[in-house]
Structures are given as C-alpha cells and as structure tokens.
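Structure first, then comments.
Owing to the predicted nature of the structure, the values given are computational and were not obtained by experimental measurement.
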Amino acid sequence: MSLNYNRLAVSRLFSTSPLVAFSFALAVLVALPVLAVGANIFSGGTSGTWGHLMATVLPDYIANSVWLCLGVGIGVAAMGTGAAWLVALNDFPGRRIAEWALLLPMAMPAYVLAYTYTDFLQFVGPVQSGLRQAFGWKHGEYWFPDVRSLSGAVVLFSCVLYPYVYLLVRTAFLERAGGMIEAARALGLNPWQGFWRVSIPLARPAIAAGMALALMETLADYGTVAYFSVQTFTTGIYRAWFSLGDRVASAQLAAALLGFMALLILLERVSRGRARYHDNTGRRRATRQVLRGWHALLAQIGCAIPVVIGFLLPALLLLRLALGDDGAEGPGFTSRFLVLARNSFTLAALTAALAALLALLLGFATRDGHRLPRLASRIVGLGYAVPGSVIAVGVLIPVTRLDHLLAGSWEQMTGVNPGLVLTGGIAALVYAYLARFLSIALQTVEAGFARITPSMEAAARSLGSQPTETLRRVHLPLMRGSLLTATLLVFVDVMKELPATLVIRPFNFDTLATQTYTLAADERLAEASSAALAIVAVGLLPIILLARQIRGVAR
C-alpha cells in the first residue's frame, strides 16, 4: 500500500512538473523588473546626479510625496467611509442608485480629471469668466483657488480614489457590523455615536486596506502631478531618465519610491498593534436606519457630491470639449484618433489575453498543492503594488541589454543588424503591462477556481483524464465568467496606464493615454478631450460589472 502511494506521488510530481517549472519561470519574469531596480541601489557613478538632486529638488520630492499621501489618505478615508455608512446602514430615497453610482469615479483616471478641471476652473474658463461678468471683477480684484497645486491634486485624487475605501468598507459594514450595531442601538447609542464608537473601529482594517490601495495609485501617478507641477518621486524618475540621462539614478529613485510604499504599509500595521477587529455577534446584517426629511436630503446630497465632482461634471465637460461649443465634431475625432484607438486596443487586447491565459495556468498549477506554484502566485500578486514608472525602469534596464546582445549576435551570424527587436516594438511594453497587471487577472481567476470543488478534479482523474484534459473539459467551462472578468479588468487598466507607456513606448507610437497627456501638456485640451472621453468610456465596463454584483447582493 505504501509502495503504491509513493509511486502515485512520484507520478503526480512528474506529471505536473511542466506547470511547476512554468510557475517558477513566471514568478522570475514578474519579479525581474523589481530585482533590476534593486540591483542598482548601491551602484556607483551617480554622485553627481544625486548631488544635483539633493541640492535642488529631492527635498521637494519627499515633502510633496508625504503631504500628498497625508491629504489623499484623509480624503479617501472620509469620503469612502462616509458614503459606505450612508448606503450600507441607512435607508433613504435613491439609496439603491447611490450604491452603484458611487463607483463611477473609478472610471475617470486622475490625469483626465486634472485636465478637465484645469480647463473648467482656469482664468479664461467658464467659472471665472462668469464670475467676472456677473460681478464686474477684473484680474487681481478677487481670489480664486488654483487647481494646479498640491492642494488641488489632493482634492482630485480623493474624488477619484475614494471608491477603493467605499467598496471595502461597505462590505465590512454589511457583513461584519450587524450584530454590534444592533447591540449599540439597544444600549441607547444614537446613529452618530454608533458610527464613531462601533462602525469605524470594526471597519478599520477595510479602511486601511482601501487607503493603502488609494495611496499606491497616488504615488504611482505621473500625469496629474506632472501637469500640476507637483514634484514627486514619480516625476523625479522621469527627470533623471530623460532630462539628466542617468538610468542608474532613475532606478535608485524608483527603489526609493518602492521603499516609501513599503513604509506606508508598515506604519499602518505597526499602528494597529495587537488590536483585533472581530465581530463575535454573527453575520446578521443590521436593520437600516430609515432617514426622512432633511436627514434624507443630507444623505442624498452627501452621496451626490462625490459622484458629481468625480464623474458626472467632468464627463459632461469632456463631451462639450469633444463636440465643440457649437455641437459640431471636435478637432479630436480625426483619422489620428482611429490610429490611437487601434494602438490602445491592440496593446490592451494582447496583454489581457496573455494575462488571462497565464493566470489560468498558474491558478491551475496551485491546485495540486505544490509549494512552488503557491509561492509564485504570491510573487505575481505583488506586481500591482509596484508603480508603472518603477516597472518601466526595471523592464528597460535588462531588456535593453538583452536587445543589444541579441542584435549583436544576429549581426555576427548573418551580417545584418536587425535593430532593437524587443524595445523597438511593443514586446517590452506588453511585458511591463503583464508584470504590473497580471496580479489582477490572477486574483480573479483564483476566485473562480475556489468555487470549483476538488471532488470534480478527483472524479476526472479517476476516469483517466490527464491534467491538461481536466483543465480543458472540467475547469474551462466553469471558469468562463472569471476569465472574461479577468480579461476585462486587465484590458481597462492597460487602456488607462500612462507612466509605463510614456517610458517604454516605441518611437512614434502613441496611445489614447499618451496622446491625452501630450495634448494636455501643450494646453490643447479640446483636442485631448476625445481621447480622454474614450478612456473614460472603456473604464465604465468594469463599473457595470461591479454594479451588477452590488445589485445582486441580498438587501
């Protein structure tokens, strides 16, 4: 009996060894950009660059990054937690619409919001022009807040990124806080006291997780801070790479940015200490507090403000710019727009298809219980926490060397120089996208695998099916929805990605995101509006999926 068991174990190991080797290779490829950045931390030859940075802009990088994180963290925590409390624990007219409408700002990239509000609130924009016309003011006779500032960036980031906190906290309120809130009400606490003394402490892990995601997106952003002239680590990476021509210093700044993100996560965990946030009263949902009169009106206004500022108003402004003031076709809808759309679609579709396939294979490899595939999935899962600018630097350093090596070897063998095959085309760009967004596909696919019971696989194997046949005939039919969702999420993220695309894109190859940034930087906002509007429209697709899931939750 023992001998048969050992033979079965050995047979199982060898039958799955290709998947084990695949998971190991995939983890190495995903980790390679970060390893390439880390390998340059102690490289020499950058003292001149660092001396220049420390004497000029490095203090601004640190100060602006700290203030940006502090402001955005407070903003998204307040907006997301407040919105989640209103829709999860209260009932008022329009609550069901507000539940999914509060997700809409996720479709609006922060840099698109920055360009839109700059045009709307600038001196010659409709707001200030209307004020001057209404009150007879002239230039210098009144004060108006400058949206292109650090405080303006904090407000815009908060309006776009609060849904990260909203989604997690809303789930925590619905699934964990029911019994505690009912007990608090029985002890005489009013809704406001229950919110501060019960709901907030129970939801702290969800608030912290949502804040961490929002701050990662904030630190990874380039378009908004560059357009607002707010110097952060991300803008410093581009300056060291393109303006100073020092790739090693750029990699060292990227490593500093990674360390800054790790420090944020560590500080939150240390502040939590040994505190635990369990709800031992069961998962019974609390009865929603019915709001009437002016309380209901305030709740409606509170839910409407972030949606209007973060999505509805900028979407209408983009549409006005794209169509032109007279309703005619705007300057952005040209043959050039079709080329940009084709480039963006090609990159997004190719990356999304590869990400779904790789996630499927890696997720299937973890089903056999081997430690290596599970470790590989954890390494891949860290990719989304790495900013696009860091990924871009980490990809270009090794891939460029490999490109030159391949070109030299090919020229020696054939006498023909093929040029830069990897960095001269879209291969390096797709690699960077996969290194960053594969984790999204993997998480979605693993959630799909979790719903498939191991007994199905056991039954297939008992009938003589090989692992590949089991994957094709058992898992694939059950995983279609998860695979489509994973493909869609990666597709949308690639369409919106700006930092990595700006660094790695081939010469004379633009996408909707890079065109939006380039035209907006040249103050050609009307021409940038059509590309920005297309990005927003594509970003609505995952919002529709999330909205359907929210509507499907029992109330």
Side-chain angles (χ1 to χ4, degrees), residues 53-54 56-81 105-106 108-118 121 145-166 207-240 250 252-268 271 306 309-310 314 384-393 496-500 502 517 520-521:
L53 292 176
M54 292 179 67
T56 54
V57 293
L58 188 59
D60 290 335
Y61 293 165
I62 298 174
N64 288 335
S65 297
V66 170
W67 285 114
L68 197 61
C69 287
L70 183 61
V72 174
I74 295 174
V76 297
M79 296 173 65
T81 305
M106 293 184 72
M108 187 74 63
Y111 57 87
V112 172
L113 201 70
Y115 309 150
T116 305
Y117 275 111
T118 297
L121 299 175
D146 184 11
V147 67
R148 298 181 68 170
S149 61
L150 177 61
S151 57
V154 167
V155 173
L156 294 187
F157 277 126
S158 300
C159 290
V160 169
L161 300 177
Y162 80 86
Y164 285 109
V165 178
Y166 164 73
I207 296 172
M211 286 177 60
L213 291 173
L215 294 181
M216 287 178 186
E217 291 289 338
T218 301
L219 290 174
D221 179 86
Y222 174 75
T224 305
V225 292
Y227 187 64
F228 281 5
S229 298
V230 177
Q231 303 299 321
T232 63
F233 279 109
T234 306
T235 59
I237 292 171
Y238 285 86
R239 176 175 292 182
S250 179
Q252 291 170 343
L253 280 171
L257 177 57
L258 274 180
F260 198 84
M261 287 188 165
L263 180 62
L264 289 175
I265 297 175
L266 179 62
L267 286 175
E268 192 284 324
S271 67
I309 297 177
Y384 191 69
V386 182
S389 54
V390 177
I391 291 288
V393 173
K496 296 191 294 184
E497 174 62 26
L498 178 63
L502 280 174
Y517 168 75

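Panel note: side chain Asn64, backbone Val230; no donor-acceptor pair is recorded below 3.5 Å. With hydrogens and angles ignored, the 3.5 Å screen pairs a side-chain donor or acceptor of Thr116 with a backbone N or O of Val112. Under the 3.5 Å distance criterion, the side-chain polar atoms of Tyr111 are left unmatched by any main-chain donor or acceptor of Ala226.
Here the OG1 atom belonging to Thr118 is positioned 4.0 Å from the CZ atom belonging to Phe228, to the nearest 0.5 angstrom. Atom CG in Leu215 sits 11.5 Å away from atom OH in Tyr164 (nearest 0.5 Å). Distance check: Ser229 OG to Leu150 CG gives 12.0 Å after rounding to the nearest 0.5 Å. Put simply, CZ on Arg148 and CG on Leu156 are 12.0 Å apart, with the number rounded to the nearest 0.5 Å. Taking CD of Gln231 as the reference point, atom CG of Leu68 lies at 12.5 Å (rounded to 0.5 Å). Taken to the nearest 0.5 Å, the CD1 atom of Ile62 stands 5.0 Å off from the CZ atom of Phe233.
The shortest non-hydrogen separation linking Ser158 to Val76 is CA-CG1, 3.8 Å. Nearest heavy-atom pair across Ala500 and Ala392 is CA-CB, 3.9 Å. Of all heavy-atom pairs spanning Pro306 and Pro105, the tightest one is O-CG, 3.9 Å. The two residues Met108 and Gly310 make their nearest non-hydrogen contact at CB-O, 3.7 Å. Here the closest non-hydrogen pair linking Ser151 and Ser149 is OG-OG, 3.1 Å. The nearest pair of heavy atoms linking Thr234 to Ala220 is CG2-O, 4.0 Å.
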_Walk me through whether Met79 and Val165 qualify under side chain to side chain contact (heavy atoms under 4.5 Å, CB included)._
CA-CA 8 Å; Met79 296 173 65; Val165 178; over 6 Å; no

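For Thr224, the side-chain hydrogen bond (donor to acceptor under 3.5 Å, both in side chains) partners two or more places apart in sequence, or in a different chain, are Asp221.
Using a 4.5 Å heavy-atom cutoff, the side chains of Tyr61 and Thr235 are in contact. For the pair Ile309 and Tyr117, the minimum side-chain heavy-atom distance is below 4.5 Å.
Sequence neighbours left out, the pairs with a member in residues 208-217 that pass side chain to side chain donor-acceptor pair (under 3.5 Å) are Glu217-Tyr384.
For Tyr115 and Tyr227, the distance between ring centers is under 6.0 angstrom.
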